[in-house]
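Have a look at the structure below before the remarks.
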Amino acid sequence: MELARTGPGEGSTPPRARLNSSAPRQSLNGTWEFRLDQGEWTTIPVPSHWVLEGHGKPAYTNVRYPFAIDPPHPPDENPIGDYRLTFDAADAFLDGAVLRFDGIESAAEIRLNGQLLGTTRGSRLTHEFAADLRATGNVLEVRVAQFSDASYLEDQDMWWLPGIFRDVDLVATPAGGLRDVFAVADFDPGARTGTVTIRTSAPARLRIPELGVDRDVHDSVVPVGTVDPWSAETPRLYAATVSTDVEEISLRLGFRRVEVRDSVLTLNGNPIQFRGVNRHEHHPERGRVVSLADARAELELMKRHHVNAVRTSHYPPAPGFLDLTDELGFYVILECDLETHGFVEVGWRGNPSDDPAWQGAYLDRMQRTVHRDKNHASVVIWSLGNESGTGTNLEAMAAWTRAFDPSRLIHYEHDWASTYVDLYSRMYASHEEVKQIGEEVLTPPPFDATPAELHRRALPFIQCEYAHAMGNGPGGLEEYQDLFDRYPRLAGGFIWEWVEHGLAVTTDGRREIRYGGDFGEDVHDGNFVTDGLVSADREVRPGLTALAHWYAPVRIEVTGSTIRIRNRYDHRDLGHVTFRWRTESADGVLDVPPAAPGRTVEVPLPPRASGPLVTVEAVADDEHVLGSGQLTRFAPTARPAPTTLPDRAAFDPASMRLRTLGGLALDGPMVSLWRAPTDNDRYPGWDEPDLPPYAERWTEAGIDRLRTRLVSADEVDGALRTVHRSAPPGRDFAVDSEFRWHQVSPDALLLDVVVTPRGPWPVEWARLGLDLVVPGAPAGLDWSGLGPGPAYPDLAAGVRYGSWHAEAAELSTPYVRPQESGARRGVRSAVVTTSAGQLRVTVVGEDEIAVTVSPWSRALIASTLHHHELVADGRTYVSLDLAQSGVGTAACGPGVLQRYRLPARLARVSLLLEASAV
Ligand code: IPT
């Protein structure tokens, strides 16, 4: 098997559109014979990856190639899988048929009845081979190499998963049928009319019943009169057929026009904003074998979280995906299967992107990408690939694409000069830089600007990747969204990334989620593969809840007297939305004039909407909440009186820590400044590349193991006063905490706290908290504050004030690698229930705290590598935080913004603590 070439595969028929045809099709999916490396024949399901079917192991690398950079040669250690299927073919396939492969990683040699049909290159690209079949006993043999020359072009940040992993079909190609159709349905925003520009491989009949179209076409421009346009918000599709005497193709036409106007991205004449995500195909058990049902569920989950755009990072998805995005309404950046990122490790030396020997392969990849999906309304942008440096082969891809399909825009991120693309695109640019890019087009260009600069200035800007959703995060979403909303040039962006690529392994009935290195790989990038808004099982992570708030189509602000409602749709008014308000004792519906796209309307707050908390919600016909806002007018919590001196016996005599309350044997509070590092804490932010990550700064300063000394204990103003000094070992900077204890009732203590930093603090804190250990396993938390989910200072959207309950399992987020999680913010009172009793905390006055309840200590969380390895010790760890640091997105991008950091500072709070034992 020749695996060290630089060209495309050979022998396939030219790429064409995926057509929904009346011609017969037979799926060849099912059980095939299989052997690895000439071993024993066995069987395997097709589609699948052999490493997930018990033959070898998956392996994960991000940027690095797991083999030497010696293009075009694959390594000697190169698993080869042989597949064999014997099948009968119905009559319909005997007069012309193709064998169609939608995905084989990474290179294949195809034989039918002993004859070599050809080879494939391009794992996520469709290849078809003309097949001369007999009625019975056809033998299809496919030899697949895990690594090949193609691997150099397929260095995406994901698992290496070889095999025939997408559908295999037999497709009839009847004589007199249609080999290909290319239809562009254009919408003229001025006249509000549509035009279908259609090219067919043979003369055919075009019918669009709803529009009264019934005419001959071949290479034709068909005006269709007034139409309703397609957009992600209004995914209007018109059924059409293109037919000859022997074959009928069904199309769904969405009329739309994507255009750049003065550096503004528009659709159908209206500026649009991508509220997008990057989507890889991933399933925890099946890898990149993702069913259409799974894809639909994913898209519906995105819709519910107000996502309107998908970048198919970094390859074309299984073809049915585009039918769904047309129908459900998503803008798609369809990306070619191309990434040569590993060459960055050698300064891009030898990068195939700039080597003419590879040009055929590059063009072939782009042509297969564009042809297959060219009839989809949802595809508004073609992307040349990801992280492949720059070079003439990329330019050639762009030139071919522009000539073939002028109806769409061309994207490629790494062309920073933007010479061959239609969008200025960057990834993980800081807020400051995004602002500058938004602003630069508001003033005239410098008089000496080069033509290339002038071209770039004329382009809209997108962040094809931003806000890296790894672990607890991403912080900073609000600030990005503010910029996108403020500057017309900024057309939004795509979060990295939608789904975590954790792989599930079930041993002894226990299902565990694994990441890089867990399969014995000697070169790997650990848990960098689990960085999604949803887990591999599509559980919503808190980042998605926050994102949904910023992506929501309706923004509601409630002030003392008015409700301000902003329509953030680009194409539709709010006629379909009901606005409801409620307080604890009343509710009603608002009479809101239907605001046009981008407009704000104001209505008065109804007089009956009085009281401490008013919630207003925008609700769609299907009860889906499209936006919400709240007004809070909480009265300060009264300070209990009268009080007496507490009984000293309730305190440990040496440390003066509280040991018992209401019969519950608790321990605390202890001042704490540290958190179990999040994924973001473990990387240096792009804004501070020369500083160690926070996780290291914290351990270096020693705040993960504070030592506490009792400074004094006395009685003052009827209270027991204890003063404690907490400081890292070997350091002379400290925090002093003064606790004044008052007995309110036998089971209740009032605690006034003042925490004062001492000495020059060399590092910002993770949090400023009071920690208590309560006996018994956690059984739940009730609180009034923000909920229902967790929140951090820069990730505090999508939560609202109310009275909430969380079950024990909801108290922390099961991130694949354990880390700080689960804080409930804005808390005014809380009840922690454990198997041993209850601890009630009420904040006196108008302060709010954050409450974290966990079955694991922070030290345990920080030292455990997988969620399933956490072992609870039967106690409950409670943190009452007076302040917290934000989470940022340093794992890839800027760290915590200055305003969300927590420099050493003085803090006070008064708490009422009540407890009872079971
Ligand atoms: C960026 C990649 O494009 C993406 O595939 C993913 O690897 C992401 O990083 C990190 O998760 S590239 C990087 C240099 C920003």
Side-chain angles (χ1 to χ4, degrees), residues 59-66 123-124 153-161 276-282 288 310-317 333 335-348 351 353 383-390 394 411-416 425-430 433-434 462-474 476 480 493-502 515-516 523-536 541 543 678-680 682-687 689 693 815-817 888-895:
Y60 164 61
T61 59
N62 173 9
V63 174
R64 284 175 293 179
Y65 291 104
S123 299
R124 273 69 57 174
L153 309 189
E154 297 178 3
D155 187 30
Q156 289 94 339
D157 175 4
M158 59 191 193
W159 296 99
W160 298 88
L161 297 174
V277 297
N278 281 278
R279 175 183 180 267
H280 264 281
E281 297 200 308
H282 182 75
R288 282 188 284 279
V310 175
R311 173 177 177 232
T312 69
S313 51
H314 300 298
Y315 43 79
I333 297 188
E335 193 148 273
C336 183
D337 190 358
L338 177 70
E339 174 157 344
T340 65
H341 208 167
F343 283 86
V344 73
E345 305 279 321
V346 295
W348 294 108
N351 182 16
S353 299
S383 176
L384 307 179
N386 185 58
E387 288 285 2
S388 301
T390 187
L394 291 156
H411 169 267
Y412 176 64
E413 190 269 348
H414 215 83
D415 177 19
W416 288 344
S425 173
R426 294 287 306 280
M427 44 173 85
Y428 312 103
S430 68
E433 194 177 358
V434 171
I462 64 163
Q463 287 242 71
C464 69
E465 295 176 21
Y466 79 109
H468 195 252
M470 185 178 184
N472 191 344
Y480 279 122
F494 297 77
I495 303 287
W496 187 267
E497 69 178 306
W498 169 247
V499 61
E500 297 176 1
H501 311 203
Y515 50 76
V523 183
H524 68 83
D525 290 294
N527 69 326
F528 219 64
V529 78
T530 53
D531 53 358
L533 293 167
V534 297
S535 73
R541 299 289 194 212
T678 63
D679 288 316
N680 286 310
R682 293 184 187 275
Y683 291 85
W686 288 20
D687 51 334
Y815 293 115
V816 182
R817 175 167 181 175
T889 175
C892 193

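Numbering of ligands and ligand atoms starts at 1, following listing order.
Less than 4.0 angstrom separates some heavy atom of Asn62 from each of these atoms of ligand 1: 7 (O). Below 4.0 Å from some heavy atom of Trp686 lie the following atoms of ligand 1, by number and element: 15 (C). For ligand 1 and Asp157, the ligand atoms under 4.0 Å from any heavy atom of the residue are 5 (O), 6 (C), 7 (O), 10 (C), 11 (O). Interface atoms of ligand 1 facing Asn386, defined by a heavy-atom separation under 4.0 Å, are 2 (C), 3 (O), 5 (O). Of all atoms in ligand 1, numbered sequentially from 1 with element shown, those under 4.0 Å from a heavy atom of Asp531 are 11 (O).
Nearest protein neighbour of atom 13 (C) of ligand 1, counting heavy atoms only, is Glu387 OE2, 4.0 Å. Atom 1 (C) of ligand 1 has Glu465 OE1, 3.1 Å as its closest protein atom, hydrogens excluded (heavy atom only). Of the protein's non-hydrogen atoms, His314 NE2, 2.7 Å is the one closest to atom 5 (O) of ligand 1. The single protein non-hydrogen atom nearest to atom 8 (C) of ligand 1 is Tyr428 OH, 3.4 Å, given as residue, atom name and distance.
In terms of polar-atom proximity, Trp496 is counted as a contact of ligand 1, with an N or O under 3.5 Å from an N or O of the ligand. Considering backbone and side-chain N/O atoms, His468 comes within less than 3.5 Å of an N/O atom of ligand 1. Distances between N or O atoms of Glu339 and those of ligand 1 include no value under 3.5 Å.
Ring-centre distance between Tyr515 and Phe528: not below the 6.0 Å cut-off.
Note: Glu497 CD to His280 NE2 = 5.0 Å, rounded to the nearest 0.5 Å. The NE2 atom of His282 lies 9.0 Å from the CZ atom of Arg288; values are rounded to the nearest 0.5 Å. To the nearest 0.5 Å, atom CG of residue Asp679 and atom NE2 of residue His468 are 9.0 Å apart.
Using a 30° and 60° split on the angle between ring planes, Trp348 and His341 fall in the parallel class, below 30°. Between His314 and Trp496, the ring planes lie parallel to each other; the angle is under 30°, not in the 30° to 60° tilted range.
For the residue pair Thr530/Glu500, the side-chain donor-acceptor check at 3.5 Å is not satisfied. No hydrogens or angles considered: a donor-acceptor pair under 3.5 Å links the side chains of Asp157 and Tyr60. Donor-acceptor pairing under 3.5 Å is recorded for the side chains of Glu465 and Tyr428.
Heavy atoms of His341 approach ligand 1 to within less than 4.0 angstrom.
Residue contacts with ligand 1 for Met470 are absent, since no atom lies close enough (heavy atoms, distance under 4.0 Å). Heavy atoms of Met427 found under 4.0 angstrom from ligand 1 belong exclusively to the side chain.
Checking each of His414, Gln156, Arg311 against Asn386 for a side chain to side chain donor-acceptor pair (under 3.5 Å) leaves exactly one that passes, namely Arg311.
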